[in-house]
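Just so it is clear, the model here is predicted, and its values are computed rather than measured.
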Amino acid sequence: MMEYREEDYLALSGIQHYCFCPRQWALIHIEQQWNENRLTAEGELIHSRAHDRLADEKRGDHICSHGMPVFSSELGVRGVCDVVEFTRCESGVSIKGRDGKWLPVPVEYKHGDGCAKPADELQLCCQAMCLEQMLCCDIGEGFLYYHEIRRRARVPISTELRQRVVDMLLEMHRLYTRGYTPRVKRRPGCASCSLKEICLPKLEKTRSATAYIRSVVSELEGPET
């Protein structure tokens, strides 16, 4: 498997954006566009609490690490896990400063009612794959913690889920290398997207962004004399 240079790493969190809409991902990660709304602000608040390193704790055979940076040179991504739980286990890995072996399991915090979405599972799987490369271990499961209902859902890190992560990241790298932003394609989530005023999804049924810009420029310049 090829390895990416650090300067070519993509943001792991971009998996969520790409699953929701490839155009949204490109606007954020290629064009560096951003806009807040209520949903993004609530999500940011939940993650900022989960990333509090002062909340790290050890209880018996369990260690809870918050805001743990992760990366994978094979996938070409870097990011931060909300929480990584280490459980004492003979099939685990050694941790500096700790006796025994410990098995890591990622826990991703989400603002929702417990209905697992493909994007959530793919992001969690990617975190597990990063941890596996970093710590030289095998991770068979992860958890999604839903803030709204204060419960977690188990997600098996299956072969199928891993392949979907690999395929998606390959396409994301291709688009990023080309600097290409996909054209508008209206989706059910367009109305709630924080970038709808930048994306202009209504253009899909009318004309391209290039044609729209040309018409605006033409109007500003006025009729030819």
Side-chain angles (χ1 to χ4, degrees), residues 1 3-4 6 9-16 19 42-166 168-169:
M1 181 177 292
E3 291 196 353
Y4 292 88
E6 288 189 33
Y9 286 1
L10 299 177
L12 196 155
S13 59
I15 289 177
Q16 279 276 332
C19 282
E42 289 176 351
E44 183 63 29
L45 180 60
I46 291 171
H47 284 92
S48 65
R49 291 173 177 171
H51 291 179
D52 184 3
R53 299 303 299 271
L54 297 177
D56 289 359
E57 60 180 334
K58 180 180 183 302
R59 294 184 180 180
D61 290 337
H62 298 275
I63 299 173
C64 187
S65 177
H66 291 252
M68 181 174 173
V70 294
F71 71 91
S72 169
S73 60
E74 295 178 351
L75 297 173
V77 293
R78 64 159 58 90
V80 177
C81 291
D82 287 341
V83 173
V84 179
E85 295 181 350
F86 292 86
T87 302
R88 192 184 294 274
C89 178
E90 288 302 318
S91 60
V93 297
S94 299
I95 299 179
K96 186 177 181 180
R98 303 286 186 181
D99 295 330
K101 297 293 184 68
W102 303 82
L103 183 66
V105 173
V107 182
E108 175 69 11
Y109 280 51
K110 294 298 178 186
H111 175 71
D113 57 5
C115 182
K117 301 176 182 178
D120 299 340
E121 296 179 344
L122 289 168
Q123 184 179 10
L124 183 69
C125 179
C126 188
Q127 292 176 0
M129 293 170 75
C130 288
L131 287 167
E132 287 178 334
Q133 183 181 346
M134 291 171 58
L135 302 176
C136 298
C137 64
D138 295 318
I139 299 175
E141 65 180 10
F143 292 91
L144 295 169
Y145 177 82
Y146 290 95
H147 185 265
E148 190 173 320
I149 60 173
R150 309 283 179 173
R151 292 181 183 176
R152 58 167 60 184
R154 176 180 175 273
V155 177
I157 309 301
S158 65
T159 300
E160 178 186 4
L161 197 59
R162 291 170 186 269
Q163 189 59 52
R164 288 170 60 194
V165 168
V166 171
M168 180 173 293
L169 285 172

If you define the side chain from C-beta out and look only at heavy atoms, does anything of [X] sit under 4.5 Å from [Y]?
X	Y	value
Tyr4	Leu169	no
Val166	Met129	yes
Cys130	Val77	yes
Gln16	Lys117	no

Do you know the tightest heavy-atom contact between [X] and [Y]?
X	Y	value
Met134	Val70	SD-CA, 3.4 Å
Cys126	Val165	CB-CG1, 4.0 Å
Gln127	Val80	NE2-O, 4.1 Å
Pro156	Leu161	O-CD2, 3.8 Å
Gln123	Ile15	N-CG2, 4.0 Å
Leu135	Pro104	CD1-CG, 3.8 Å

Show the numbers, then the answer: is there a side-chain contact (heavy atoms from CB on, under 4.5 Å) between Cys136 and Val93? CA-CA 8 Å; Cys136 298; Val93 297; 5.7 Å; no
Rounded to the nearest 0.5 Å, how far does [atom2] of [Y] lie from [atom1] of [X]?
X	Y	atom1	atom2	result
Leu124	Glu141	CG	CD	10.0 Å
Glu121	Ser158	CD	OG	8.5 Å
Lys58	Arg98	NZ	CZ	6.0 Å
Glu108	Leu12	CD	CG	8.5 Å
Glu132	Arg162	CD	CZ	4.0 Å
Met68	Phe86	CE	CZ	4.5 Å

For the pair Arg59 and Glu57, find out whether any cationic side-chain nitrogen is under 4.0 Å from an anionic carboxylate oxygen.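 Glu57 and Arg59: salt-bridged.
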Lys/Arg N to Asp/Glu carboxylate O, Lys101 vs Glu90, below 4.0 Å: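 So Lys101 does not pair with Glu90 through a salt bridge.
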Worked verdict on Val105 versus Thr87 for side-chain contact (heavy atoms from CB on, under 4.5 Å): CA-CA 8 Å; Val105 173; Thr87 302; 5.8 Å; no
Chi angles and distances behind the side-chain contact (heavy atoms from CB on, under 4.5 Å) call for Arg164, Cys125: CA-CA 10 Å; Arg164 288 170 60 194; Cys125 179; over 6 Å; no
Quick one: do Val84 and His66 satisfy side-chain contact (heavy atoms from CB on, under 4.5 Å)? Show the steps, please. CA-CA 7 Å; Val84 179; His66 291 252; over 6 Å; no
In chain order, what residues pass the side chain to side chain contact (heavy atoms under 4.5 Å, CB included) check against Leu103, with sequence neighbours excluded?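 By the side chain to side chain contact (heavy atoms under 4.5 Å, CB included) rule, Leu103 matches Cys89.
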Treating Asp82 as the side-chain partner and Tyr109 as the backbone partner, does any N or O pair qualify as donor plus acceptor under 3.5 Å?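 Pair found, side chain donor or acceptor close to backbone of Tyr109.
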Taking the inter-plane angle between the rings of Phe71 and Tyr9 on a 0 to 90° scale, is it parallel (under 30°), tilted (30 to 60°) or perpendicular (over 60°)?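 Geometry flag for Tyr9 against Phe71: parallel rings.
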Kindly write out the residues that satisfy ring-ring contact (aromatic ring centres under 6.0 Å, His included) with Phe143, not counting sequence neighbours, or none if the list is empty.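 By the ring-ring contact (aromatic ring centres under 6.0 Å, His included) rule, Phe143 matches no residue at all.
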